[in-house]
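One structure is given here, and the rest of the page talks about it.
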Amino acid sequence: MINFRYHVVSLTAVFLALAIGLVVGTAALNGPVADSLEGQVTGLRKDNQNWRQQVSNMEKQLALEEDFAEEISQVILPGTLTGRRVLVLTLPNGRDHTEGVLKKLQQAGATLTGRVELQDKFINPDNNTNLLELAVTAARPTAQTTGLPGNGHGVETSSALLASVLLDRPQGVAPVSDADRRAVLAAYNNAGYLTTDNNKVTGSAEAVVVVSGQPYVDKDSEKRDESVVKIAEQFDRTGSIVVAGKGSVGGNLVSVVRGDPVLAQTISTVDNANTVQGQLVTSLALVEQLTEKKAGQYGVGDNAPSLLPKLPQ
C-alpha cells in the first residue's frame, strides 16, 4: 500500500534529480555558452567603436567643408551684390540661421533695406479675421488696400500689403512714402505680428530673401504651412525672391515651391541654408535672380537639381 511517506520520498527524489541535472548541465554548457556570449559582446563592442569612429570622421569632414565654404566665400562673394537693395524676411521657423544668411549678404556687398521677422502670431489661423481688419486699418495714402487679395485669407492680404511697402512698386506706380511705410510696419509691430531690426527699414528693396525652416507639426500644421506659402507668393509678385530654407521634404516652403511648376519658375530655393555652404549659395542664387532674372533650386536634397548656381563672372 502506497502511503504518505512514499509520496514524500518520491517527490524528494525527483527534485534532487532535477537539482543534480541543473548543476551537471550548467557545468557542461558553461564553457561553450560563456565563450559564445563573450565573443558576441566583444564583436558588438568593436562594431560600436567603429561606428563612433565613423561618426567622428564625418563630423570632422563636415567641419572642414564648412571651413572651406567660409574661406571660399571670401573670394567669391565680395562685390557680387554691391548696390543691390535686399530685404531679409524671417519666418517663425527660420530664426536659427538668419544671422548666417545676413552675414553672407553683407559679405557680398548687398545694401540691406531692413530685417523683418514675422512672429508665430502672423501665421496662426486663429488670427485670420484680425489680419484682414488690420490690412484695412494699417493702410495709408500711398499704401492703399486697392488691388489687395479679396479672398478672405488674412495672411495673404496682410502679406500683400507688407510686400507693397517693403519692395519696389511696379513701374508706373507711385512709390510708398517713408512715413507711410513706417506707419504700416508700426501697426503690425504694435499688434505683435512682426518685429524689425531696431524698428528700422530704410526704404524699399528690389529683392527679398525669405528665411524659412522645417514644416510645422502641430494640429494646425497644414494651415500654417499654407500660410507660409501665401507669404512667399505675395512677395514673389513684387520682387525677386530666394527662399533660404532647411530641408526640402514634409511640406515645408522649399518642398512646396519645388513641387509647384509655376512657383519654381520665379522663386529660387536653397535647402541647406542652415549651413555656411547653403548661406553662400543663397547669396549666389540672389545674384542669379537679379542679374539673369532666373530662378534655380539648389542644395543637397534629392529634389535639388544642382548644388549651386553658375558662379558669377
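Nothing fancy with the numbering, it's 1 onward along the sequence.
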request  = For Leu263 and Glu233, run side chain to side chain contact (heavy atoms under 4.5 Å, CB included): C-alpha distance rounded to whole Å, both residues' side-chain angles, the deciding distance at 0.1 Å, then the answer.
outcome  = CA-CA 8 Å; Leu263 294 179; Glu233 287 176 338; 3.9 Å; yes

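- Side-chain heavy atoms closer than 4.5 Å link hydrophobic residues (I, L, V, M, F, W, Y) into clusters, and following such links, possibly through other members, connects Leu307 to Leu77.
- In this structure, Val209 is not a member of the same hydrophobic cluster as Val276, with clusters built from ILVMFWY side-chain heavy atoms closer than 4.5 Å.
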message = Val155 vs Ile231, test: side chain to side chain contact (heavy atoms under 4.5 Å, CB included). Steps then yes/no.
response = CA-CA 7 Å; Val155 170; Ile231 293 170; 3.6 Å; yes

query = Does the pair Leu81 and Leu290 meet the rule for a side chain to side chain contact (heavy atoms under 4.5 Å, CB included), with working shown?
reply = CA-CA 9 Å; Leu81 288 173; Leu290 291 170; 4.0 Å; yes

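- Under a 4.0 Å N-O distance rule, the pair Arg85/Asp168 qualifies as a salt bridge.
- Closest approach of Leu286 to Ala207, counting heavy atoms only: CD1-CB, 3.7 Å.
- Side chains of Tyr298 and Leu284 form no contact here, defined as non-hydrogen atoms less than 4.5 Å apart.
- Between Asp178 and Arg181, at least one side-chain N (NZ, or NE/NH1/NH2) sits under 4.0 Å from a carboxylate O, which counts as a salt bridge.
- Although no hydrogens or angles enter the test, the distance criterion places a donor-acceptor pair under 3.5 Å between the side chain of Gln279 and the main chain of Ala273.
- When all heavy atoms are compared, the tightest approach of Arg95 to Leu118 is NH2-O, 3.7 Å.
- Arg169 places a side-chain N or O within donor-acceptor distance of the main-chain N or O of Ala174, the cut-off being under 3.5 Å.
- For the pair Glu70 and Ser73, the tightest heavy-atom approach, listed with the atom from each and the gap, is O-OG, 2.6 Å.
- Distance alone, capped at 3.5 Å, is enough to place a donor-acceptor pair between the Thr142 side chain and the Ser177 backbone.
- Shown here are the side-chain contact (heavy atoms from CB on, under 4.5 Å) partners of Asn272, two or more places apart in sequence or in another chain: Val270, Asn274, Thr275, Gln277, Val300.
- Nearest heavy atoms, Arg84 versus Thr291: NH2-CG2, 4.2 Å.
- Remark: side-chain polar atoms of Thr157 are not paired, donor with acceptor, to backbone N or O of Leu132 under 3.5 angstrom.
- Counting all heavy atoms, side chain and backbone alike, Pro149 lies closest to Gln234 at CG-OE1, 4.0 Å.
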task = Check the pair Asp120, Arg224 against salt bridge (Lys or Arg N to Asp or Glu O under 4.0 Å), reporting the backbone distance first and the verdict last.
result = CA-CA 9 Å; Asp120 189 68; Arg224 290 176 185 270; 3.0 Å; yes

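- Of the possible donor and acceptor atoms, none in the side chain of Gln297 sits under 3.5 Å from a partner among the backbone N and O of Ser306.
- The main-chain N or O of Ser212 is never found under 3.5 Å from a side-chain atom of Asn93 such that the two would form a donor-acceptor pair.
- Shown here for Ala304 and Arg258, the closest heavy-atom pair between the two residues is CB-NH1, 3.5 Å.
- In this structure, Thr196 OG1 and Arg115 CZ are separated by 10.5 Å, a value rounded to the nearest 0.5 Å.
- Side-chain contact check for Asn151 and Glu156: at least one donor-acceptor pair (N or O, by modelled atom type) lies under 3.5 Å.
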task = Go through the steps to decide whether His97 and Lys246 satisfy the test side chain to side chain contact (heavy atoms under 4.5 Å, CB included), and finish with yes or no.
result = CA-CA 9 Å; His97 48 281; Lys246 179 181 180 182; 4.1 Å; yes

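- By the 30° and 60° cut-offs, the orientation of the rings of Phe122 relative to Tyr188 is tilted.
- For the pair Asp180 (side chain) and Arg140 (backbone), a donor-acceptor distance under 3.5 Å is absent.
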